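Worksheet for the structure shown next.
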Amino acid sequence: MAEKFRIGDIVGLKSGGPKMTVTEVLEEHVRTAWFAGSKKENGVFPLEAVLIYQEEKGKP
């Protein structure tokens with residue numbers, strides 16, 4: 001199932017939150033990074049909790 005994501009993909013949690021960049025793909029998790037203002041944050045999330053981010057049509 002790990003083939004679903006690649007390093008550099010822009011993803012988001014199914015429950016919402018910031019856009020995140022995949023930095024590592026593990027067997028059952030992805031490691032991500034994002035910025036909260038100017039502070040870099042990191043997190044590890046189960047594959048089932050993350051989706052490829054898609055912009056809404058008509059919005060930047």
Side-chain angles (χ1 to χ4, degrees):
M1 187 168 182
E3 300 83 31
K4 180 177 177 182
F5 299 103
R6 294 181 172 190
I7 293 173
D9 282 347
I10 306 300
V11 298
L13 293 175
K14 289 180 179 179
S15 60
K19 291 191 274 187
M20 304 178 288
T21 303
V22 174
T23 58
E24 185 178 4
V25 180
L26 307 168
E27 191 169 320
E28 296 183 15
H29 296 80
V30 287
R31 184 176 309 275
T32 64
W34 67 95
F35 283 91
S38 61
K39 183 179 178 196
K40 183 181 177 190
E41 301 282 352
N42 297 283
V44 178
F45 302 98
L47 296 174
E48 295 83 13
V50 180
L51 295 170
I52 297 291
Y53 184 83
Q54 297 194 14
E55 297 279 344
E56 291 182 41
K57 292 192 178 220
K59 293 187 177 183

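This structure is a prediction, so every number in the text was calculated from the model and none was measured.
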Exercise. Is Phe5 close to Ile52 at the side-chain level, that is, under 4.5 Å between some pair of heavy atoms?
Worked result: yes
Problem set entry | Which atom of Val44 lies closest to which atom of His29, heavy atoms considered | CG1-CB, 3.6 Å
For this session: Compare all side-chain heavy atoms of Val50 with those of Lys4 and state whether any distance is below 4.5 angstrom.
Result: no
Exercise. Any sub-3.5 Å donor-acceptor pair from Lys14's side-chain atoms to Glu48's backbone N or O?
Worked result: yes
Seminar exercise, completed: Residues passing the side chain to side chain contact (heavy atoms under 4.5 Å, CB included) test with Ile7, sequence neighbours excluded, are none
Let me check something: any side-chain donor-acceptor pairs from residues 31-42 under 3.5 Å, sequence neighbours excluded? List them with distances.
from  : atom 1 : to    : atom 2 : distance (Å)
Arg31 : NE     : Glu24 : OE1    : 3.0
Thr32 : OG1    : Gly43 : O      : 3.4

